[in-house]
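The structure appears below as structure tokens.
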Amino acid sequence: MSASRITDWDKAYSNTIYIPGGPDYPAKWEVAASVFRDEMRDAGRLRENIAYGPHPRNRYDLFLPKVAAKGLVVFVHGGFWMAFDKSAWSHLAAGPLAHGYAVAMPSYVLTPEARVSDITRQIGAAINAAAREIEGPLRITGHSAGGHLVSRMNTATSPLERDVATRLRKTVSISGLHDLRPLLNTKMNETLHLDLAEARVESVALLEPLDEVDITCWVGADERPEFLRQNRLLENLWSSFNIEISSVEEAGRHHFDVIEGLADPDHRLVRTLLGV
């Protein structure tokens with residue numbers, strides 16, 4: 001049986017109204033992140049608002065493990081490139097930190113002030129900057145729009161510096177958007193200002209990967225059908241290249257709680273990201 005044709009793209013990308021208690025999640029994230037940040041600050045394991053560019057939002061927080069860092073994890077937040085900043089996700093650093101990795105979390109200039117292609121370059125600059133602070137292997141992950149941005153770092157037109165790209169060991173794109181062209185049909189494009197040319201250039205699924213990258217596309221099994229499609233898409237289109245690529249549909253998870261595994265050192269999501 002063929003899949004149903006999507007006619008309402010705004011509905012396809014709407015998450016909040018399909019998740020029980022959906023509107024309450026941002027406030028919960030803020031509280032959990034604030035408590036975690038306070039704990040890390042008190043322990044002397046948080047370096048805040050490190051600049052990686054000229055804009056006030058070109059800043060990242062760096063969370064440090066108790067011992068010398070084994071390497072660096074970078075988490076890139078979502079919000080359809082037009083919402084949130086680094087401050088709502090600090091608690092998600094707990095999983096990698098427990099395994100001895102430093103964790104960087106950047107903010108970036110949002111649309112419409114920046115275009116999606118500008119944000120791609122900003123995230124490249126943030127990762128390059130954080131990688132100069134922490135030696136060792138690099139592992140990157142992001143959620144939703146952040147999933148797009150970390151996947152984008154793995155393409156032949158990646159903004160990562162060459163020496164940083166060679167340190168990249170694993171990418172986990174969580175609920176990532178890998179084909180941006182459908183967004184041209186949404187009301188949110190009044191803010192994104194995507195045109196077809198930029199949507200093609202920034203669609204990871206339409207680009208070639210760097211050689212020998214290792215990427216997992218991860219999504220909650222209870223997410224909207226369009227996010228399930230986007231998750232499968234990259235594996236389908238990149239499986240013929242000289243890379244490692246896989247996809248996971250985590251049972252019982254939706255778009256807002258699928259990231260919670262990052263806070264648990266023993267969760268499969270953390271173990272996949274770190275290769276442990």
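Since the model is a prediction, treat every value here as computed from it, not as a measurement.
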Quiz item: Does the side chain of Asn231 come under 3.5 Å of the side chain of Ser247 through a donor N or O and an acceptor N or O?
Solution: no
Self-check item: Tyr52 six-ring centre to Arg59 NZ/CZ under 6.0 Å and within 45° of normal
Solution: no
Practice problem: Indicate the ring-plane relationship of His255 and His143, choosing parallel, tilted or perpendicular according to the 30° and 60° boundaries. | Solution: tilted
Self-check item: Salt bridge Glu226-Arg229, side-chain N to carboxylate O under 4.0 Å
Solution: yes
Practice problem: Look only at the side chain of Arg169 and the backbone of Thr166, and say whether a donor-acceptor pair between them is shorter than 3.5 Å. | Solution: yes
Quiz item: Does His267 reach the side chain of Leu262, with side-chain heavy atoms less than 4.5 Å apart?
Solution: no
Exercise. Report the C-alpha separation of Glu113 and His55 in whole Å, then their side-chain angles, then the decisive distance to 0.1 Å, and conclude whether the side chain to side chain donor-acceptor pair (under 3.5 Å) test is met.
Key: CA-CA 11 Å; Glu113 183 177 353; His55 194 282; 2.8 Å; yes
Exercise. Ignoring hydrogens and angles, tell me if any N or O in the side chain of Asn189 forms a donor-acceptor pair with the backbone of Asn185 under 3.5 Å.
Key: no
Quiz item: Nearest 0.5 Å, what's the CG-CG distance between Leu210 and Leu168?
Solution: 8.0 Å
Quiz item: Do Ser203 and His178 get their side chains close enough for a donor-acceptor pair, meaning under 3.5 Å?
Solution: no
Quiz item: Less than 6.0 Å separating the ring centroids of Tyr108 and Trp81?
Solution: no
Quiz item: Only one of Thr141, Leu274, Ile174 forms a side-chain contact (heavy atoms from CB on, under 4.5 Å) with Leu269, so which one is it?
Solution: Ile174
Practice problem: May I ask you to check whether Lys170 and Thr216 show a side-chain donor-acceptor distance below 3.5 Å? | Solution: yes
Exercise. For Arg115 and Asp195, run salt bridge (Lys or Arg N to Asp or Glu O under 4.0 Å): C-alpha distance rounded to whole Å, both residues' side-chain angles, the deciding distance at 0.1 Å, then the answer.
Key: CA-CA 10 Å; Arg115 299 188 68 89; Asp195 55 33; 3.8 Å; yes
Quiz item: Are the side chain of Lys70 and the backbone N or O of His99 linked by a donor-acceptor pair below 3.5 Å?
Solution: yes
Exercise. Carefully, step by step, assess Glu39 and Arg45 under the rule salt bridge (Lys or Arg N to Asp or Glu O under 4.0 Å).
Key: CA-CA 9 Å; Glu39 293 173 351; Arg45 295 169 54 198; over 6 Å; no
Self-check item: His254-Tyr25 aromatic ring centre distance below 6.0 Å
Solution: yes
Quiz prompt | OG1-CH2 distance between Thr155 and Trp238, expressed to the nearest 0.5 angstrom | solution = 6.0 Å
Exercise. Would you check if there is a donor-acceptor pair between the side chains of Thr120 and Glu202 at a distance under 3.5 Å?
Key: yes
Quiz prompt | Expected output: side-chain Gln122 to main-chain Asn58 donor-acceptor under 3.5 Å | solution = no
Exercise. Determine, stepwise, if the pair Arg152 / Thr157 fulfils side chain to side chain donor-acceptor pair (under 3.5 Å).
Key: CA-CA 8 Å; Arg152 183 71 173 80; Thr157 54; 3.0 Å; yes
Quiz item: Does the distance from a Lys or Arg side-chain N to an Asp or Glu carboxylate O, for Arg271 and Asp266, drop under 4.0 Å?
Solution: yes
Quiz item: More than 12 heavy atoms of other residues, nucleotides or ligands under 6.0 Å from NZ of Lys28: is that the case?
Solution: yes
Practice problem: Report yes if some heavy atom in the side chain of Leu180 is under 4.5 Å from a heavy atom in the side chain of Leu177; otherwise report no. | Solution: yes
Self-check item: Non-neighbouring partners of Phe36 that pass ring pair (Phe, Tyr, Trp, His ring centres under 6.0 Å), sequence neighbours left out
Solution: Phe63
Exercise. Take Glu249 and Arg232 through the salt bridge (Lys or Arg N to Asp or Glu O under 4.0 Å) test and state the conclusion after the steps.
Key: CA-CA 9 Å; Glu249 295 182 6; Arg232 300 171 187 138; 2.8 Å; yes
Quiz prompt | Aromatic plane relationship, Phe75 with Trp89 - under 30° parallel, 30 to 60° tilted, over 60° perpendicular | solution = tilted
Quiz item: Do Glu235 and Ser246 meet the criterion of a side-chain donor-acceptor pair at a distance under 3.5 Å?
Solution: no
Exercise. Calculate, to the nearest 0.5 Å, the distance between atoms CE and CG belonging to Met82 and Leu110 respectively.
Key: 9.5 Å
Exercise. Kindly write out the residues that satisfy ring pair (Phe, Tyr, Trp, His ring centres under 6.0 Å) with Tyr101, not counting sequence neighbours, or none if the list is empty.
Key: none
Quiz item: Strictly by modelled atom types, are His91 and Glu260 linked by a side-chain donor-acceptor pair under 3.5 Å?
Solution: no
Quiz item: Just by modelled atom types, is the Asn49 backbone N or O under 3.5 Å from a matching donor or acceptor in the Asp61 side chain?
Solution: yes
Practice problem: Answer whether the closest heavy-atom distance between the side chains of Leu184 and Trp9 falls below 4.5 Å. | Solution: no
Quiz item: Between Glu133 and Arg47, is there a side-chain N and carboxylate O pair less than 4.0 Å apart?
Solution: yes
Quiz item: Is a side-chain N or O of Asn128 found less than 3.5 angstrom from the main chain of Gly124, in a donor-acceptor match?
Solution: yes
Quiz item: Just by distance, with hydrogens left out, do Ser107 and Arg57 show a side-chain donor and acceptor under 3.5 Å apart?
Solution: no
Quiz item: Does the distance from a Lys or Arg side-chain N to an Asp or Glu carboxylate O, for Asp118 and Arg121, drop under 4.0 Å?
Solution: yes
Quiz prompt | Check: Leu72 and Arg139 side chains under 4.5 Å, non-hydrogen atoms | solution = no
Self-check item: Side chain proximity check, Leu192 to Pro112, heavy atoms < 4.5 angstrom
Solution: no
Practice problem: Determine yes or no for a side-chain-to-main-chain donor-acceptor pair under 3.5 angstrom, with Ser34 supplying the side chain and Glu30 the backbone. | Solution: no
Quiz item: Distance from Leu183 atom CG to Leu194 atom CG, nearest 0.5 Å?
Solution: 6.5 Å
Exercise. Calculate, to the nearest 0.5 Å, the distance between atoms OG and CG belonging to Ser173 and Leu149 respectively.
Key: 9.5 Å
Self-check item: Interatomic spacing from CG in Leu234 to CG in Leu206 - rounded to 0.5 Å
Solution: 10.0 Å
